[in-house]
Amino acid sequence: MIDKVYCVDVKPEMEGKKVKLAGWVYRKREVGKKVFIVLRDSSGIIQIIFRKEDGDAYQKAKSTGIESSVVVEGTVKADPRAPTGVEIQGERLEIIQNVEFFPITKDASDEFLLDVRHLHLHSPKVAAVMKVKATLMQAAREWLLQDGWYEVFPPILVTGAVEGGSTLFKLKYFDRQAYLSQSAQLYLEAAIFGLEKVWSLTPSFRAEKSRTRRHLTEFWHLELEAAWMDLWDILKVEEELVSYMVQRTLELRRGDIETFRKDFTTLRKTVPPFPRISYDEAIDILQSKGVEIEWGEDMGADEERILTQEFESPFFVYGYPKHIKAFYMKEDPEDPRKALAADMLAPEGYGEVIGGSQREDSYEKLVQRILDEGMDPKDYEWYLDLRKYGSVPHSGFGLGLERLVAWVMNLDHVRWATLFPRTPSRLYP
RNA sequence: GCCGCCGUAGCUUAGUUGGUAGAGCGCCGGACUGUUAAUCCGGUGGUCCCCCGUUCAAGUCGGGGCGGCGGCGCCA
């Protein structure tokens with residue numbers, strides 16, 4: 001390991017100190033008898049200046065291309081003309097690997113950046129998104145730990161669907177058919193009988209040919225499931241968790257968020273309690289805005305977008321009609337037309353980031369729902385067992401991590417919130 | 001699955017009523033005493049997505065195909 005300092009740690013007060021840095025050539029400008037190299041590492045940038053009288057180092061500096069990997073030694077010098085107010089007088093330059101030309105230049109389309117995503121990951125802007133994503137999960141872990149939740153590790157290779165059958169990726173499992181998991185939920189439900197409050201972070205796979213800014217075929221799914229909680233209990237968990245994630249990330253990664261987001265209003269307002277509106281109220285709001293929608297219809301993307309404009313923080317919509325929601329969601333005892341389900345929608349048009357519900361804990365009702373959906377209870381035998389051997393009221397939810405990142409970072413598409421996005425048309429790189 | 005759009009140099013693109021392909025960036029060479037995506041001068045670079053057709057002549061017109069993008073539905 002090279003004994004080096006990070007770019008961000010070079011301060012004007014260190015004037016005169018000799019330092020070693022390692023990174024990549026971010027910008028290079030040749031002016032007269034000087035070469036300015038802006039060096040980039042994971043922390044940030046710093047300008048290095050090489051003068052002709054530096055001889056060998058100057059010649060090498062002249063020959064490096066953008067994104068070459070280099071190790072630099074020199075002396076710190078405060079200078080207001082440098083991009084960060086401090087620079088390095090370069091004395092030695094070791095080119096680890098010279099790059100003749102880097103394929104990404106200033107005019108690059110989104111499509112091209114995805115084609116060379118492995119190189120796009122050099123970009124500080126991409127790094128900012130990934131740092132925010134890492135910090136959101138760091139915060140989630142902090143909150144989950146202090147609130148007594150156990151992390152569990154559910155299977156990814158599964159035999160059946162959580163909801164619907166057409167959206168599963170099929171694969172060969174020796175001489176049988178298996179699928180890639182689209183949600184850990186059913187397995188988390190099993191885990192609560194020993195651990196009560198559990199969570200997992202897993203990839204989830206959806207073979208939907210969805211061409212929208214909020215869909216990936218592979219995404220990171222943060223799921224929680226808890227025994228003894230009803231819908232209203234789990235909503236409190238959701239808002240406390242999400243607000244902690246957002247506030248903590250705001251505290252630790254403000255600068256990184258600023259690379260994409262200028263207005264912090266909605267993030268600052270992401271504190272409990274989040275507004276709660278019923279499905280009925282949502283329909284009223286939409287109808288009052290002239291949207292043609294009737295009770296019982298599911299809200300489409302347009303409706304959801306209109307609704308999010310009414311709020312300045314994430315908010316809940318609860319009490320959806322049962323028939324538009326998944327079979328495992330508990331029927332509302334006070335209104336059998338409805339399910340004890342709630343989605344959390346992000347403001348600014350982003351929409352659904354969480355889908356959650358109280359789960360149906362009655363064996364008979366669950367069997368009936370499975371039959372109503374045209375599915376075979378035999379395929380859910382172990383899941384139904386959970387309602388026969390010590391069934392308890394329980395609730396849970398799933399959060400789409402890339403959707404949360406996309407909202408926090410104000411991204412125009414969830415694909416920018418993941419390292420190597422997978423969409424119906426993109427499996428490479 | 002449905003609706004709409006696009007495909008020209010490494011990248012971003014112009015290309016008129018069909019007349020034989022142009023620019024910017026990058027890259028290479030040169031100039032320049034401090035640049036901030038430096039600037040200036042010169043050079044390099046083309047399977048016009050593929051196939052078939054119309055025509056004296058197709059990047060351009062017609063048919064088919066392939067690939068991608070934007071949105072809807074579905075969802076996190």
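Quick note on labels: first sequence line is chain A, next is B, and so on, each numbered from 1.
Among the protein residues, Ala82(A) comes within range of the nucleic acid bases, having at least one heavy atom under 4.0 Å from a base atom. Contacts of Thr212(A) with the nucleic acid, taken as non-hydrogen atoms under 4.0 Å apart, include base atoms. Contacts of Ser109(A) with the nucleic acid, taken as non-hydrogen atoms under 4.0 Å apart, involve only primed sugar atoms and P, OP1 or OP2.
In this pair, Phe36(A) lays its aromatic ring flat on the base of U35(B), centres within 5.5 Å and planes under 30 degrees apart.
Straight-line distance between the P atoms of G45(B) and A21(B): roughly 15 Å, to the nearest whole Å. C2(B) and C74(B) have their C1' atoms separated by 13 Å, with the value rounded to a whole Å. Atom C1' of C72(B) sits at a distance of 49 Å from the matching atom of C28(B), rounded to the whole Å. Taking atom C1' on both G7(B) and G15(B), the two are 15 Å apart, rounded to the nearest angstrom. G59(B) and C49(B) have their C1' atoms separated by 12 Å, given to the nearest Å. Comparing A23(B) with G67(B), their C1' atoms are spaced 27 Å from each other, to the whole Å. Rounded to whole Å, the separation between the P atoms of C40(B) and C6(B) comes to 34 Å. For G62(B) and U55(B), the C1' atoms lie 12 Å apart once the distance is rounded to whole Å.
Between Ala108(A) and Lys62(A), the one whose closest nucleotide on RNA chain B sits nearer the 5' end is Ala108(A). Residues Met299(A) and Arg29(A) each lie close to RNA chain B; by heavy-atom proximity, the contact nearer the 5' end of the strand is made by Arg29(A).
Side chains of Asp147(A) and Trp149(A): a donor on one and an acceptor on the other come within 3.5 Å.
Residue Ile277(A) forms a side chain to side chain contact (heavy atoms under 4.5 Å, CB included) with just one option from Leu307(A), Leu345(A), Ile283(A), and that option is Leu307(A).
Contact annotation: Arg206(A) does not reach the phosphate of G73(B) (side-chain N/O to OP1 or OP2, under 4.0 Å).
Spacing between atom CZ of Arg211(A) and atom P of G70(B) amounts to 6 Å, rounded to whole angstrom units. As rounded to whole Å, 14 Å separates atom P of C75(B) from atom CG of Leu345(A). Separating the CD atom of Glu208(A) from the P atom of A76(B) is a distance of 8 Å, rounded to the nearest angstrom. As a whole-Å value, the separation of Ile48(A) CD1 from G34(B) C1' is 15 Å. Distance CZ (Arg403(A)) to P (C75(B)): 10 Å, rounded to an integer number of Å. Computed from coordinates, the Glu297(A) CD to G73(B) P distance equals 12 Å when rounded to whole Å. The CZ atom of Phe112(A) sits 23 Å away from the P atom of C6(B) (whole-angstrom rounding). Atoms NZ (Lys209(A)) and P (C3(B)) sit 15 Å apart, rounded to a whole Å.
The base of G67(B) lies outside donor-acceptor range of the side chain of Glu111(A), with no N or O pair under 3.5 Å. For Ser210(A) against C74(B), a side-chain-to-base donor-acceptor contact under 3.5 Å is present. Scanning atom types as modelled, one donor and one acceptor separated by under 3.5 angstrom connect the side chain of Gln47(A) and the base of U35(B).
Between the NE2 atom of His215(A) and the OG1 atom of Thr217(A) there is a distance of 11.0 Å, given to the nearest 0.5 Å.
Between Tyr320(A) and Tyr279(A), the distance separating the two ring centers is shorter than 6.0 angstrom. Taking the six-membered ring for Trp and the full ring otherwise, Phe327(A) and Tyr380(A) have centroids separated by under 6.0 Å.
In this structure, Thr418(A) contributes its side chain and Pro421(A) its backbone to no donor-acceptor pair below 3.5 Å.
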